[in-house]
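Both ligands and their constituent atoms are indexed starting at 1 by order of listing. Note that the numbering runs from 1 along the sequence shown for the chain.
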Amino acid sequence: MSTTPTTPTPDSKAPHYPDQVTGMYILARALKNLGIDTMYGLVGIPITEFAYLAQMEGIRFVGFRHEQQAGMAAATHGFLTKKPGVLLTVSSLGFMNGLTATTNATVNCYPMIQISGSSVREPIDLDQGTYEGLDQLNVAKGLVKAAYRVNKPEDIPTAVARAYRAAISGRPGGVYLDVTTPCLGAIMDRADAEKLFFQPVDVCPAMVPSPESVDRAVEMLASAKKPCILLGKGAAYAQVDDKIKTLIESTGVPFYPMSMAKGLMPDNHPQSAISCRSTIMEKADVVMLIGARLNWLLSRGHGKWNPEGKFIQLEIDPKEIDCNRPIAAPVVGDIESSLDAILAKLQGKKMAMDPDWVPSLQAESKAKNEKFLQRLVPQTVPMTHWSALSAVKKVLEAHPDTILVNEGANTLDDTRDAIDMFLPRHRIDCATWAIMGMGMGSTVGAAIATGKSVVAVEGDSAFGFSGMDFSTICRFNLPCTVVIFNNGGIYNGIGVNPSNNGDPAPTTLDVKARYDKLGDAFGAQTYYVTTPDELLKALTEAIASKKPSLIDVQLAADSGKESGHIGYLNPATLIPFTV
Ligand code: ADP
Ligand code: TZD
Ligand code: MG
């Protein structure tokens, strides 16, 4: 078999079709064989032809204006489909722009593969100043779940299969696949290339927990007086919605969802303890974590948490266990296998739960929810976040199958608290790292991956990180509405520059900016609204139209507090920076 590739030289560049193929063709076919049907990216040397070839092979190519956003789209695609989302980038800066998203995907346990073209190896290794020369593989290592480089076209199917497995098996994450320019351009006989393809077996193997760990967890849950089930985005990702529902409803145990697990069980379910976070932390004697980490979002298991309380943790990554607080009953396995075993063991088991526990949480929820709703009553103009949300709440709760993308500070926290979710995997936000700059990418990824309508509720600062990729929503004519809460700044628009030199304060943006005009530039349906009624009408119309839409929501500059709900993380200062 003559599989020796020819490194292209100026006169041998073009393969003889149809008898010869290139590395690019093999890459496209290898991805297709694994079921990859969509790729997000931004082209240029050396991957432009590859993107065309992928389109020829029937892979949808969604071209972006910035690689970070293409990467956020790929990550969201991965989260929603349980298959790796694919990001394609050019060498050097394109690679690095995309790497931000691949790293963020790794932190959030979203499966994705960043494929990047890279320049010729030898001059990079000798630091001789080649075109877009960067030792990308070594930059990526340490920031992603796994990183590989493929130098020969014969290795491409193996490299793609390895990247795919690494992205989705065990704890999902971002994988980097470096493909050198000579490898992309190398020419092979088609007949030899065809022999390279294979179908990897069992790419995401079940990880079954040990029976002892299941017994221990079941005994602990069944004997608890004040138990709680805490759902994280890992539970949403696992797509075992019926099993979660069975566990919760058959045991009667109350549940608390983390932000992106909202809707896995409806927020208004009688066992929902979403309004009783402090009570759960202080009083629960056994907490079963399902696909949730005891990280900063849960005070790392300390703070208000009952020091006597015990944790059960259903988790795929054994390294996660005990990382912040001792876990009394770790169940290491995939959530589906773990739930199957737990549900079987729970059959006929008597629960020792205190009969007053759920009613007391229900009474607390009722009182808190009534109080919370009062925040949405004042219809002030200019609007506060809450008055704007009173309108958004009505519209989104009437359209529960709309996916909600959400980022900002106050815009994030207040939207999460105000909008109830009723369906799994319908809320995507800036998640574990609380980063800004996922909005337009995740909106595109959610729309492409599901075909559903998407509404992004964005702070004006948050929108600025990805705003240009609103044009991608328009070019692909996606059923997405971007709602911008403009309070004129990071947290609010009333920052004061203490030096009086005339520059804006560090937190100040443009409260008078007309973001709707950005939408006009790309032919979107646009609105500028100043009252809750106008917002309600605009959002209703935008969703119904299924057309790319942008709503500029004028808020008051003083709406919003520093750092939203997490102001306590700011280092202390004695100087007031806002009026
Ligand atoms: P949240 O932010 O909602 O609390 P995290 O991202 O902190 O959620 O935690 C998700 C956890 O779920 C991660 O520790 C991840 O390893 C785990 N996980 C993801 N998929 C699975 C799965 N299929 N089975 C078990 N655990 C999973
Ligand atoms: N840069 C990145 C990548 N991530 C971040 N989280 C920040 C900066 C800091 N930051 C926040 O934590 S929230 C936020 C920034 C800049 C924006 C808040 O302003 P907003 O929302 O307009 O989006 P509100 O409603 O005004 O609070
Ligand atoms: Mg703002």
Say whether Phe485 and ligand 2 are in contact under the criterion: heavy-atom distance to a ligand atom below 4.0 Å.
no
OD1 (Asn487) - the Mg ion (ligand 3) - O (Gly489) angle, nearest 10°:
100°
Between Asp340 and Lys243, is there a salt bridge with N-O shorter than 4.0 Å?
yes
With a 4.0 Å cut-off on heavy atoms, is Ala434 touching ligand 2?
yes
Counting only heavy atoms, which portion of Ala292 has something under 4.0 Å from ligand 1: side chain, backbone, both, or neither?
both
Would you call Glu315 and Arg171 a salt bridge, using N to O less than 4.0 angstrom?
yes
shortest atom 20 (N) of ligand 1-to-protein heavy-atom contact is with Tyr237 CD2, 3.7 Å
for atom 25 (O) of ligand 2, nearest protein heavy atom and its distance come out as Thr411 OG1, 2.5 Å
Option nearest atom 1 (P) of ligand 1 (shortest heavy-atom distance, choices Lys82, Lys233, Arg171):
Lys233
Heavy-atom distances under 4.0 Å decide this one: backbone, side chain, both or neither, for Asn295 against ligand 1?
side chain
Return the residue, atom name and 0.1 Å-rounded distance of the protein heavy atom closest to atom 22 (O) of ligand 2.
Asp460 OD1, 2.6 Å
With no hydrogens and no angle check, is any side-chain donor or acceptor of Asn497 less than 3.5 Å from a backbone partner on Ser499?
yes
Would you call His385 a ligand 2 contact, heavy-atom distance under 4.0 Å?
yes
For the side chain of Lys262 and the backbone of His426, is there at least one donor-acceptor N/O pair under 3.5 Å apart?
no
Taking the six-membered ring of Tyr528 as reference, does the NZ or CZ atom of Arg514 fall below 6.0 Å from its centre and within a 45° cone about the axis?
yes
Short N/O distance, under 3.5 Å, between Leu314 and ligand 1?
no
Give me the residue, atom name and distance of the protein heavy atom closest to atom 23 (O) of ligand 2.
Ala462 N, 2.9 Å
Asp460, N/O/S atom nearest the Mg ion (ligand 3)
OD1
Please answer whether the main-chain N or O of Asn268 pairs with a side-chain N or O of Ser272 as donor and acceptor at a distance below 3.5 Å.
no
Please state whether Gly489 comes within less than 4.0 angstrom of ligand 2, counting heavy atoms only.
yes
Can you tell me which residue and heavy atom of the protein come closest to atom 26 (O) of ligand 2, and the distance to 0.1 Å?
Asn487 ND2, 2.9 Å
Write out the residue and atom name of the closest protein heavy atom to atom 13 (C) of ligand 1, then the distance separating them to 0.1 Å.
Glu315 OE1, 3.4 Å
Checking heavy-atom distances from atom 10 (C) of ligand 1 to each of Gly291, Gly232, Pro172, Pro111, the winner is Gly291
pair Ile316-Met207: side-chain heavy atoms closer than 4.5 Å
yes
Below 4.0 Å from any atom of ligand 1, is there a heavy atom belonging to Cys109?
yes
Would you mind telling me if ligand 1 is within reach of the side chain of Arg293, the backbone, both or neither, using heavy atoms under 4.0 Å?
both
Could you tell me whether the side chain of Glu67 and the main chain of Phe64 form a donor-acceptor pair under 3.5 Å?
no
Take every heavy atom of Gly333, measure it against each atom of ligand 1, and state whether any distance is under 4.0 Å.
yes
Basic-acidic side-chain contact under 4.0 Å: Lys345, Asp215:
yes
Relative to ligand 2, is Glu458 under 4.0 angstrom through side chain, backbone, both or neither, heavy atoms considered?
neither
Please check if the side chain of Thr102 supplies one atom and the backbone of Gly98 the other of a donor-acceptor pair under 3.5 Å.
yes
Are more than 12 heavy atoms from other residues, nucleotides or ligands located less than 6.0 Å from atom CZ of Arg325?
yes
Considering only protein heavy atoms, which is closest to atom 21 (O) of ligand 2, and at what distance to one decimal place?
Ala409 N, 3.3 Å
Could you tell me whether atom 9 (C) of ligand 2 has at least one protein heavy atom nearer than 4.0 Å?
no
Taking the side chain as everything from C-beta on, heavy atoms only, tell me whether Lys283 gets closer than 4.5 Å to Asn306.
no
Donor-acceptor pair, distance only, cut-off 3.5 Å: does the side chain of Ser299 make one with the backbone of Gly301?
no
Counting distance only, does the side-chain N/O of Ser338 pair as donor-acceptor with the main-chain N or O of Leu314 below 3.5 Å?
no
Closest to atom 7 (C) of ligand 2 among protein heavy atoms sits Met436 CG, 4.1 Å
I'd like to check Leu99 versus Val144 (side-chain heavy atoms, cut-off strictly below 4.5 Å). Are they in contact?
yes
Between Phe465 and ligand 2, which residue portion shows a heavy-atom distance shorter than 4.0 Å: side chain, backbone, both, or neither?
side chain
Nearest-contact summary for atom 11 (C) of ligand 2 - protein heavy atom, Å
Tyr491 OH, 4.0 Å
If you have a sec, work out which protein heavy atom is nearest atom 17 (C) of ligand 2 and how many Å separate them, to one decimal?
Ser461 OG, 3.4 Å
Are the side chain of His302 and the backbone of Asn324 linked by a donor-acceptor contact shorter than 3.5 Å?
yes
